[in-house]
There are 2 protein chains.
Amino acid sequence: MVATIGDVARLAGVSTTTVSRHLAGQRIREAAAVQATIETLDFRANEVARSLKSGVTRSIGLVVPDVSNPFFAAVAKGVESVSRQLELNVFLSNTDESVERERAVLQGLVGRVDGVILVPAREETDNTAELRRANVPIVLLDRRLRGGNDLDSVLVDSPGGAAQAAEHLLSLGHRRIGLISGPLDTTPGRERHDGFMAALGAAGVELDPTLIRIGDFKLESGYQATLRLLGLPSAVTAIFAANNLMSIGALRALHHLGIRVPDELSFIGFDDLELAELLSPPLSVISRPAVEQGVLAMRLLRNRIEGAGSPKAQHIVLETRLLVRGSCRPPQPSSDGAIPATRIPIGNPS
Amino acid sequence: MVATIGDVARLAGVSTTTVSRHLAGQRIREAAAVQATIETLDFRANEVARSLKSGVTRSIGLVVPDVSNPFFAAVAKGVESVSRQLELNVFLSNTDESVERERAVLQGLVGRVDGVILVPAREETDNTAELRRANVPIVLLDRRLRGGNDLDSVLVDSPGGAAQAAEHLLSLGHRRIGLISGPLDTTPGRERHDGFMAALGAAGVELDPTLIRIGDFKLESGYQATLRLLGLPSAVTAIFAANNLMSIGALRALHHLGIRVPDELSFIGFDDLELAELLSPPLSVISRPAVEQGVLAMRLLRNRIEGAGSPKAQHIVLETRLLVRGSCRPPQPSSDGAIPATRIPIGNPS
DNA sequence: ACGATTACTGGAATCGTTACCAGTACTTCC
DNA sequence: GGAAGTACTGGTAACGATTCCAGTAATCGT
């Protein structure tokens, strides 16, 4: 059905070697005839056979927690745009924040890819052993790995970003602030938590432990955390959520509770949202260059694959930006008391 | 560096054939010893070699216009969740709505995948010839192909959805409605346009051609279309946008113009948005099961790959749902006149 | 005119796996 | 006890490309 190099050779009256050389761009005597038969047969070299012989797959793996998270979708777009130029195919896999899935996914990639861009599920769980044994270059994206300082990485300045959020709230006069943190065993979870706390500490503000809710970066946990924060006897005047999905969950909870932002409560999230500007109030956020993170990761990976990378690992850290829109203002005197328990609904978001 | 089946055979004192049989689950005499050496060597069969021999790649291609569009991100998630269960790897590619990119992408997939899920850029441009020649099963997602009725497809009832939108606006009393359509040479573009117009026609409403703006499904075109619609001498009282990105663009334009929805203008869009409920007003939309579209497409593809599909093509059409939230209301007498030109700003969104 | 250089050529081995095809040992049955 | 069946075994040839290694013909330099 599909022509092989042997078919071309036979029809053109040369050896497969000659056809192969023609394909590789070397000059051969019968170039015209060979090219003609290639075209009549509509021959394309079998990539699988090529890969087996050469050990190069012209594919890479992109392993993220969840493509339907707009941040990772943007990353995927960045990765894909560079890899298309390099004529590399991209295997996309979701781990759903699970280390078991991550392990299965990475194992399934061994031998099928020339490199991997990985957003690890947990800092402590290093599932890269098999890839490393197979000499597959890895670039870490957005999250680090405990023992992975020898791997290239593209992060953002999470401590700095979280500090920007804290300072913004502090400067408005907030002292009693709810923190919806990500898991502390992920890089951004830990760093945003620590960065936020450090900035508060530097201003002499100590956060009551009940004001810190540890979520899992998913929407539902932002929703639940917000309900908890607002059910406390002494209310918070502001909330910071450590990623986009938890921000959406938090906003849903506030919406269901009927709490007006920023009149009753100030809110700021990490990661911009496509519609952030169109919400009312427009959402203030810590933004960061998501597509660029993907682009840079792919460039680092390319260098490693081509063996052109410097021997020691490269660590790129991109800056965040505080976008002040309209969801934060000084705490109102009237909002010092707790939200009445009667306003807390039963059920879940959506 | 990485062990081969030969290494295992040598160490276990058997032939490669025997090891291969063990891998395939047949019973062999030295099963225990072979298994032991496999584990000490940490051997995993080379997938590329397997593919070459068997002609099966255990991979599929997913070709969409743009993963960063939340709809396609949801589709990708659905596809990926099924394919993980089937232990298939997914190649993800973006075409950016370009037929040239699509052609390049599809060619690059020949020989590397067992099947393809494709969202074609244009109905008229069939780039599947090479895949078909190579007997690669194809499932069309969300869009059809002119000559592709022999291919399985998973669509939504776009005419019906657009009609729901039209009827909703009509029932509220709107007669002068702006339509931001997608490209007419894509299935959803054409079908939503036609469905919308048909429903209006059935109610005796003829739309002035100047009220129909043909966009390209991208954000910027929704923004520009909205500016044009609102610059008309006789203003529209409602706008329908045919997809999510153009809706966002339109909302940005309305926001920049300072036009209050639904007081001055009603708005309804095709495709739900994660934050639609949190906008003010909450956005009324035509929603549809995006993840499920991906799931069903992957199931159809699986059947084809396993040769279990019925000989003739399967066409699945999912229903849309009108979600009435708060962005539509009867036209206000005061909004009959055109928006003063002075309120139209210069520049672009973002 | 003769060895050296250049410009090609094709045969055969190889990548790592699977599958066909005999072959061997042991059991079973009449 | 011999034929037939069962339960394995391993050698070898593929899959479709690339590459090493000779080999041949033409051109070059002196």
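Keep in mind that the numbers below use all heavy atoms, side chains included, and drop hydrogens, waters and symmetry copies. Each chain gets a letter, A, B and so on, in the order the sequences are listed, and its residues count up from 1.
Between the side chains of B:T18 and B:S15, at least one donor N or O lies within less than 3.5 Å of an accepting N or O.
Using a 4.0 Å heavy-atom distance criterion, B:V14 is classed as a sugar-phosphate-only contact.
Taking atom CD of residue B:E30 and atom P of nucleotide D:dA7, one finds them 18 Å apart after rounding to whole Å. In this structure, B:I28 places its CD1 atom 17 Å from C1' of D:dT6, rounding to the nearest Å. The nearest whole Å value for the distance from the CD atom in A:Q26 to the P atom in C:dG10 is 13 Å.
Shown are A:R143, A:R144, A:E123; of these, the side chain to side chain donor-acceptor pair (under 3.5 Å) with A:T187 is made only by A:E123. Tested against B:E102, the residues B:N127, B:T128, B:T125, B:N94 include a single side chain to side chain donor-acceptor pair (under 3.5 Å) partner, B:N127.
For A:R133, the CZ atom sits in a packed shell: over 12 heavy atoms of surrounding residues, nucleotides or ligands are nearer than 6.0 Å. Heavy atoms of other residues, nucleotides or ligands lying less than 6.0 angstrom from CZ of A:R132 number more than 12.
Taking only side-chain nitrogens and oxygens, B:R27 never comes nearer than 4.0 Å to OP1 or OP2 of D:dA7.
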Exercise. With the sugar-phosphate defined as primed atoms, P, OP1 and OP2, and the base as all remaining atoms, what B/S/- string results for nucleotides 16-28 of chain C, 5' to 3', for protein heavy atoms under 4.0 Å?
Worked result: BBBBB--------
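Side-chain atoms of B:N46 come within 3.5 Å of backbone N or O of B:V48 as a donor-acceptor pair.
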